[in-house]
Amino acid sequence: MIEGLPYEPRPGQDRLIRFIADALELGRHSVIESGTGTGKTVSSLAATVPFAKRNGKRIVYLTRTKSQQKQVLNELREMSSVIDVFGVAIQGRSISTCPRMSEDPNLRNGSPEEMSRLCSHLKSKKGGGGCRYYDSICNMDVDVYVDDLLDRRLDPESFMEQCLDDGLCPYEMMKAAVPFADVVAAPYTFIVLPYIRERFLEWMNCTIEDTIIVVDEAHNLPDYLRESFTSEYHVHSLNSVQKEAEIEGDPLVANGITVTDVVEAMRICFLEANMEYLHDVDGLIPFGFLQEVLMGELHVTSPIISNICKSMSELGEIIRERKKSEHKLPRSYIGNLGDFLTFWTMCDDASYVRLINGGEDHSLEAYCMDPYEAAEPFRDCFASIHMSGTLEPIPDYILELGLNRCKHASFPSPFDPENLLTLYADDVTTRHTDLQVDPDNIDRIADHIVSLVNGVGRNTAVFFPSYDMMERFIIKGLPGRLEGDVFSERKGMTQIELMDTVDTFRSSVGGILFAVTGGRISEGLDFPSRDLELAIIVGLPYQRPSAKKDALMRYCQYRFDSGWDHVVKAPMIRKMRQARGRLIRSESDRGVAVVLDNRVTQIPGFDAILSDNPVRDCNLFFDGVMLPSDFAVRARMAQ
């Protein structure tokens, strides 16, 4: 039995655990591509927990979703039978963790930073008109209460429900539990954003150098880091600035210049950017464009523009403080505009690109192309473990994050490859140019989906390359042609809505789930046994052409000498592998993936087999008549 592992190891699992443990002993980072079935979560914990307890380190396990947090705590619960270990999960302020937000409609759309400001103020008024949920905590023995909750090893939802039942703030109680924990499961944000990371480490009572950071679904981390250091401002937000200016008496922000003057100048900026630089979905804006338009419209010099930005930010801080004292959401639209303009004019021109984005609500965006600066905590910690089933090319990942003292390896799935069949149809594609010259492509794709769903009759997920493409098929009446209940992943769904949809689909018989390749359903969710047996992947999820994508390609060509592969091809392959990976989650799972795009042969190692009758071949597989190796032999003989 491996120390810390509560089960008999799966084939190859002992090798994965030893790899991580050896890297920890050397104080090095680990970057691991590990196939489905290797038990990445429990393996990383079995390697890190014994080491951390011997060496006085704390483990931060970063996840994207609450369901992944729950899995971490479930594994720790099992591990506690063989090693003394406590784990807690913490989440940001939201309606589910802050009862004040759930009770007050005016607070429900508050950002974590705004709620943090308000909560700090309310807590300072302890017992005198502050927050009754926090006041209740102050009148009890917190250590005893937390000890009891930890002894019961509650999952995150049960932990929060218990706190609410007892009239306590779940968020504050999660914070109170953190110092007791050997392992803290947290969202990426808690380490990536500096102002949150500083407080989080204070709660843990340790430094970043004393942490071991585990990154689940690490293939998402570089883009997450880019987005976290990106700033965007929407044209409709100017209406809110205007309203706030009217309420505040339209304050001066420079000699003879009011907030309203700046708003009107910004409207001209948006208008000219749209006319001169917007092409299709977005467009690049020259470095000095915004400043030049503002100077021309306001008749001032560049230093005065900088002072105006500073004045608006300072005015915003005054407004936030006043609202906070009134127990209101400490938000200032004037301050937000000042902060954005300051960021826009100050961000590094070498690693940022400035854009105008189209759509119903145009936006200006200062997009961070280089995640290196944001990855600093992953370099400064004692060691980090980065894991994913789809992480290739690993050397590019290591270079992007600057992980100098690093070991990396790939571990194949231990599951029988004969349990997964991958087919493709060669009469369809979603290539943009082909759709233009052959519009019947869409009808043929729809016919394939209908025949597969109705002819195979098993729980099926249909993965579309985008929400727009999914909507296109829905409008054409695809759901009405399918024999079974249809469930859909929608853009902007809350986590609760998403999981309710997924759980209902899982419990259905012959249900159909519409989802997006690269969306939340295609990554990180398990569909064991007959919950999902057929995956139809519509097209290859290449990114839509855009100025942002082209700029990032040029940057990555300079950094890695592989712009197209890094920005376009590798993410597409990851999304395809992640979607197909929903089918096989245990040794006994069997499933078929059917790719409706003849370009799938361009994906190395995907090994899709051409089928002239996908319905027939799916049923031959599920009936046990033919194995994937038999289909491969048949395909070779047909060539």
Side-chain angles (χ1 to χ4, degrees), residues 35-37 389 413-428 444-464 478-479 481-487 502-515 517 521-522 525-538 576-598 600 603 605-638:
T36 302
S413 171
F415 295 160
D416 187 348
E418 298 284 29
N419 287 347
L420 175 64
L421 173 64
T422 304
L423 304 171
Y424 78 96
D426 68 349
D427 63 334
V428 288
R444 289 198 300 274
I445 290 173
D447 290 342
H448 273 299
I449 296 171
V450 172
S451 62
L452 281 162
V453 169
N454 297 346
V456 177
R458 295 170 184 263
N459 271 24
T460 302
V462 184
F463 292 104
F464 296 91
L478 176 60
R481 299 173 61 191
L482 303 177
E483 297 173 0
D485 295 329
V486 177
F487 309 89
V502 169
D503 289 342
T504 308
F505 164 74
R506 283 174 174 149
S507 62
S508 68
V509 177
I512 305 103
L513 179 62
F514 284 6
T517 314
I521 286 176
S522 73
L525 290 183
D526 286 348
F527 295 89
S529 187
R530 295 188 177 181
D531 286 0
L532 179 63
E533 295 183 275
L534 176 61
I536 303 171
I537 304 176
V538 179
M576 293 288 288
R577 291 171 63 189
Q578 286 283 341
R580 184 176 66 172
R582 298 312 97 202
L583 287 166
I584 308 297
R585 312 306 295 174
S586 71
E587 295 89 341
S588 59
D589 287 354
R590 298 177 76 245
V592 181
V594 180
V595 181
L596 301 181
D597 198 306
N598 52 34
V600 71
I603 301 179
F606 205 73
D607 300 328
I609 300 168
L610 176 63
S611 172
D612 61 356
N613 190 333
V615 176
R616 176 201 65 205
D617 291 342
C618 286
N619 287 324
L620 286 173
F621 172 81
F622 285 122
D623 291 342
V625 177
M626 292 182 69
L627 295 172
S629 56
D630 299 323
F631 287 101
V633 170
R634 187 188 71 180
R636 286 195 296 269
M637 292 178 64

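Nothing fancy with the numbering, it's 1 onward along the sequence. Note that these values count all heavy atoms, side chains included, but never hydrogens, waters or copies made by symmetry.
A distance-only check finds no donor-acceptor pair linking the side chain of D617 to the backbone of P614 [under 3.5 Å]. A donor-acceptor contact shorter than 3.5 Å is absent between the side chain of D630 and the backbone of V625. With hydrogens and angles disregarded, no donor-acceptor distance shorter than 3.5 Å links the side chain of R582 to the backbone of F527. Listed for the R580 side chain is no donor-acceptor partner under 3.5 Å among the backbone atoms of I537. In terms of modelled atom types and a separation under 3.5 Å, the side chain of N598 and the main chain of D426 share a donor-acceptor contact. For the pair D526 (side chain) and P528 (backbone), a donor-acceptor distance under 3.5 Å is absent.
Considering CG of L420 and CG of D607, their distance stands at 10.0 Å, rounded to 0.5 Å. Within the model, atoms CZ of R616 and OG of S451 stand 12.0 Å from one another, a figure rounded to the nearest 0.5 Å. Between atom CG of residue L513 and atom CZ of residue R506 there is a gap of 9.5 Å, rounded to the nearest 0.5 Å. Distance CG/L620 to CG/N613: 8.5 Å, rounded to 0.5 Å. The distance from the CD1 atom of I536 to the CG atom of L423 is 11.0 Å, given to the nearest 0.5 Å. Between atom CG of residue N419 and atom CG of residue L583 there is a gap of 11.0 Å, rounded to the nearest 0.5 Å.
What you find for L482 and V453 is that their closest heavy atoms are CD2-CB, 4.0 Å. Here the shortest heavy-atom pairing between T460 and L532 reads C-CD1, 3.8 Å. Of all the heavy atoms in L627 and E418, the pair that sits closest is CB-OE1, 3.6 Å. Among all heavy-atom pairs drawn from F514 and P479, the shortest one is CE2-CG, 3.9 Å. Residues C618 and L534 share a closest heavy-atom pair of SG-CD1, 4.1 Å. Looking at every heavy atom in both residues, P628 comes nearest to P417 through CG-O, 4.0 Å.
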Using the rule given for side chain to side chain contact (heavy atoms under 4.5 Å, CB included), can you reason through F463 versus V538, listing the C-alpha separation, both sets of side-chain angles and the distance that settles it, and then say yes or no? CA-CA 6 Å; F463 292 104; V538 179; over 6 Å; no
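Put simply, the side chain of M626 does not reach to within 4.5 Å of the side chain of F621, judged on heavy atoms. At a threshold of 4.5 Å between non-hydrogen side-chain atoms, the residues V456 and N619 count as touching. Side chains of F487 and I521 form no contact here, defined as non-hydrogen atoms less than 4.5 Å apart. Put simply, the side chain of D531 does not reach to within 4.5 Å of the side chain of R585, judged on heavy atoms. Looking at Y424 and L610, their side chains come closer than 4.5 Å, going by heavy atoms from C-beta outward.
Ionic pairing of D447 and R481 is present here: one or more N-O contacts between side-chain nitrogen and carboxylate oxygen are shorter than 4.0 angstrom.
More than 12 heavy atoms of other residues, nucleotides or ligands sit less than 6.0 Å from atom CG of D427.
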